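Computed from a prediction, not measured in an experiment: that's the story for all the values here. Order of the sequence lines sets the chain letters (A, B, ...), proteins ahead of strands, with each chain counted from 1.
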Amino acid sequence: MAENRPFLDRCRDKPVGEQDKLAAEGKEFTVKFKVPENESITFDDRIKGTVTFNSSNIGGDFIIVRSDGGPVYNYIVIIDDTLMKVTHVIRGEDHLSNTPKQILIGRALGMNVPDYAHLPLILGQDKKKLSKRHGITSVDLYRQEGYLPEALMNYLGLLGWSTESGDEILSVDELVQQFDLAAVGKSAAVFDFVKLKWINANYLRRYSDSDATDMFIPYIKNAGFDISSIERRKLEEIVAAVRNSCEILSDITKLIGIFLNDVNEPDDETDHHLKEDYALDVIRAAHEIIGTLDESNVRQDLANMIKEKTQHKGKKLFHPMRGMLTGRLAGPDLDIAIPLIGYANIKQRIEYCFKRYC
RNA sequence: GUCCCCGUCGUCUAGGGGUCCAGGACUACGGGUUUUCAUCUCGUCAACAGGGGUUCGAAUCCCCUCGGGGAUGCCA
């Protein structure tokens, strides 16, 4: 365990001349602030209320100029704040303990200290201050994942604060209009990706199919899909079919393959499902029937003919069909998906499943 | 260690002495809609950290304990 007491400083009371001499000799040095003893430092924080420190226990003299000559930001910011005529300092609670040091510097310089508001911290799932090890912490990474700016701002605004009405989906304008520093809570909040995604999905659904398509395209390309040969109109239909299953833009990369690949390997869950007896019935029936159908009637007849042949309906009909045709158990409405996949691919996928499972 | 801040459902929160056997949202679970999934919709589960006070009355005020977080001689 390191020393808990303020470092014993031999130079604290050396006359100025002697310090200069040592410096001139080339000795490394830092400049420290001489903290007065037993002085009360109180300020009214806009969020935390009255906060009081005693100068004797803020850690002793602290360095304000590093040995390389650079100022220590943490403590001397108040000079910059004052020079810039900053009236309100709104920052994270992790700066609360630095505040008395800053105020001390301000006082020593005869400056007017600004008003402070210390926001509660945002925590990770482990309740520790949010940092890189909690995953995405830069706005750029949120963008890359496909979180919408308005959703992120909305979510962040709701951390430590809420509207009087209880409304939770708020545009930036509404946020600006309704936000009130006085209504901000004092306790830290855990960052919840699940709720962020829910909010994001809310905003995502507000866009038209056309706008949504524009937004999804970069994510689709980025995932390695070549969509250059697909007409815009069809692309929009594809997006319309899967957008409800997306919470963030990048989610589409898990679904788009349904339409763009020749065959989709069933994922584990689907694979397991397709081995059920009733699923095998469906695959066999589809295999028998598909040759008699074509592009014009596959959509309306495939399901009905399988139904007739197997006598399966509802969940036992559509679940296996979905698995067989898309490789997944969740996804777009089959009525919409089938024409978009196209007869040729449908046939191909049925044959693939027949070989694999029957 | 020391100082400072904080403590209502799993999570975000409302509530600031009676209207609170605590309200909303997310999640989870169940119902409805969808011949399937998602969407949508309805509903259910779930909390005042503990103990002392003050008071006719406390989630709300005070104290203690416990718990969590932050800061702490050269990161911003």
Side-chain angles (χ1 to χ4, degrees), chain A residues 1-9 28-33 41 45 47-49 51-77 91-101 118 120-123 125-129 155-169 183 185-199 201-202 205 241-247 251 255 270 282 303-304 306-307 312-323 325-326 328-335 337:
Chain A
M1 203 62 221
E3 273 292 318
N4 292 325
R5 249 174 283 127
F7 196 67
L8 175 66
D9 197 332
E28 278 217 337
F29 68 93
T30 62
V31 179
K32 288 186 172 181
F33 182 88
I41 307 162
D45 191 276
I47 292 170
K48 300 291 186 182
V51 182
T52 305
F53 290 84
N54 183 301
S55 64
S56 291
N57 50 37
I58 59 169
D61 295 349
F62 51 91
I63 293 175
I64 51 178
V65 178
R66 297 191 297 259
S67 52
D68 68 3
V72 178
Y73 166 88
N74 235 253
Y75 306 138
I76 56 81
V77 247
R91 46 156 51 160
E93 190 181 356
D94 48 344
H95 286 281
L96 198 56
S97 311
N98 295 145
T99 309
K101 296 179 184 177
H118 286 93
L121 258 22
I122 298 174
L123 277 21
Q125 298 296 342
D126 58 358
K127 308 254 182 164
K128 305 268 189 209
K129 182 163 78 163
Y155 177 69
L156 256 16
L158 255 23
L159 247 29
W161 175 79
S162 60
T163 57
E164 283 181 53
S165 62
D167 290 345
E168 301 205 284
I169 301 297
K186 295 180 179 182
S187 47
V190 173
F191 194 93
D192 183 10
F193 279 96
V194 175
K195 184 140 189 182
L196 204 212
K197 285 186 179 181
W198 175 79
I199 289 178
N202 265 280
R205 296 194 184 109
V242 296
R243 57 179 299 187
N244 266 352
S245 304
C246 297
E247 290 192 294
D251 280 343
L255 296 159
T270 310
V282 169
N304 285 333
I306 293 174
K307 181 180 176 185
H312 292 316
K313 57 180 179 179
K315 202 167 185 164
K316 287 193 169 179
L317 171 65
F318 279 83
H319 240 62
M321 274 188 70
R322 178 186 295 288
L325 264 23
T326 69
R328 315 191 84 243
L329 255 24
D333 194 287
L334 285 182
D335 233 28

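When Watson-Crick and G-U wobble pairs are counted only if both distances are under 3.5 Å, B:G18 pairs with B:C56. Using N1 to N3 plus N6-O4 or O6-N4 for Watson-Crick, or N1-O2 and O6-N3 for G-U wobble, each under 3.5 Å, B:C9 pairs with nothing. Base pairing analysis places B:G1 opposite B:U72; the two distances defining the Watson-Crick or G-U wobble pair are each below 3.5 Å. Searching all strands for a Watson-Crick or G-U wobble partner of B:U44 with both distances below 3.5 Å returns B:A28. The partner of B:U35 is absent, by the rule that a Watson-Crick or G-U pair needs both atom distances under 3.5 Å.
Here the separation of B:U33 from B:G23, taken at their C1' atoms, is 28 Å to the nearest Å. Taking the C1' atom of each, B:C20 and B:C9 are spaced 14 Å apart, rounded to whole Å. Straight-line distance between the P atoms of B:U8 and B:A47: roughly 14 Å, to the nearest whole Å. Taking atom C1' in both B:U36 and B:U19, one finds a spacing of 48 Å when rounded to whole Å. Taking atom P in both B:G32 and B:G50, one finds a spacing of 39 Å when rounded to whole Å. B:C40 sits 39 Å from B:G17 when the P atoms are compared, rounded to a whole Å. The C1' atoms of B:C64 and B:U54 are separated by 15 Å, rounded to the nearest whole Å. Rounded to whole Å, the separation between the C1' atoms of B:G53 and B:A46 comes to 31 Å.
In this structure, A:Ile64 reaches neither bases nor backbone, as no heavy-atom distance under 4.0 Å exists between it and the strands shown. Here A:Leu159 lies in heavy-atom contact (under 4.0 Å) with sugar-phosphate atoms only. A:His95 comes within contact range of at least one nucleobase, with a heavy-atom separation under 4.0 Å. Looking at heavy-atom distances under 4.0 Å, A:Gly70 makes no contact with the nucleic acid at all. As judged by a 4.0 angstrom heavy-atom cut-off over every strand, A:Phe53 is placed among residues touching the sugar-phosphate backbone only. At a threshold of 4.0 angstrom between heavy atoms, the contacts of A:Asp45 with the nucleic acid are absent. The residue A:Lys316 sits apart from the nucleic acid: no heavy atom pair falls under 4.0 Å. Nucleic acid contact for A:Lys197: none, since no nucleic acid atom lies under 4.0 Å from a heavy atom of the residue.
Checking B:C74, B:G69, B:C6 against every side-chain atom of A:Ser187, the shortest atom distance belongs to B:C6. Which of B:U35, B:G70, B:C74 sits closest to the side chain of A:Asp94 comes down to B:G70. Of the candidate nucleotides B:C5, B:C37, B:C6, B:C6 has the atom lying nearest to any side-chain atom of A:Lys186. Comparing B:A71, B:C5, B:C12 against the side chain of A:Val190 picks out B:C12 as the nearest.
Remark: A:Tyr75 pairs with A:Phe62 by the ring pair (Phe, Tyr, Trp, His ring centres under 6.0 Å) rule, at least two apart or across chains. By the ring pair (Phe, Tyr, Trp, His ring centres under 6.0 Å) test, A:His319 is found to be paired with A:His273, residues two or more places apart in sequence or in another chain being considered. Applying the salt bridge (charged side-chain N to carboxylate O under 4.0 Å, His left out) criterion to A:Lys48, with sequence neighbours excluded, gives A:Glu93.
Residues A:Ala189 and A:Arg205 both approach RNA chain B. Their nearest nucleotides, taken by heavy-atom distance, put A:Ala189 toward the 5′ side. Take the nearest nucleotide of RNA chain B for A:Phe318 and for A:Thr52: the residue whose nucleotide is more 5' is A:Thr52.
Residue-environment remark: CZ (A:Phe29) stays at or below the threshold of 12 foreign heavy atoms within 6.0 Å.
Syn is the glycosidic conformation of B:G16, whose angle stays within 90° of 0.
Distance A:Asp68 CG to B:C74 P: 12 Å, rounded to the nearest Å. Rounded to an integer number of Å, the gap from CG of A:Asn54 to P of B:U72 is 19 Å. Straight-line distance from the CG atom of A:Leu123 to the P atom of B:G7: 13 Å, rounded to whole Å. Distance A:Asn202 CG to B:C12 P: 20 Å, rounded to the nearest Å. A:Leu156 has its CG atom 12 Å from the P atom of B:U13, to the nearest Å.
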- Report, as a single string ordered 5' to 3', how protein heavy atoms within less than 4.0 Å touch nucleotides 58-64 of chain B: B base, S sugar-phosphate only, - not at all. -------
- Query: Taking protein heavy atoms under 4.0 Å as touching, what does nucleotides 23-32 of chain B look like 5' to 3' if B marks base contact, S marks sugar-phosphate-only contact and - marks none?
  - Reply: -BBSS-----
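Contact of A:Ser97 with B:G70 (side chain to base): a donor-acceptor pair of N or O atoms is detected under 3.5 Å.
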Scan nucleotides 42-47 of chain B against the protein and return all N/O pairs shorter than 3.5 Å with their distances rounded to 0.1 Å.
none

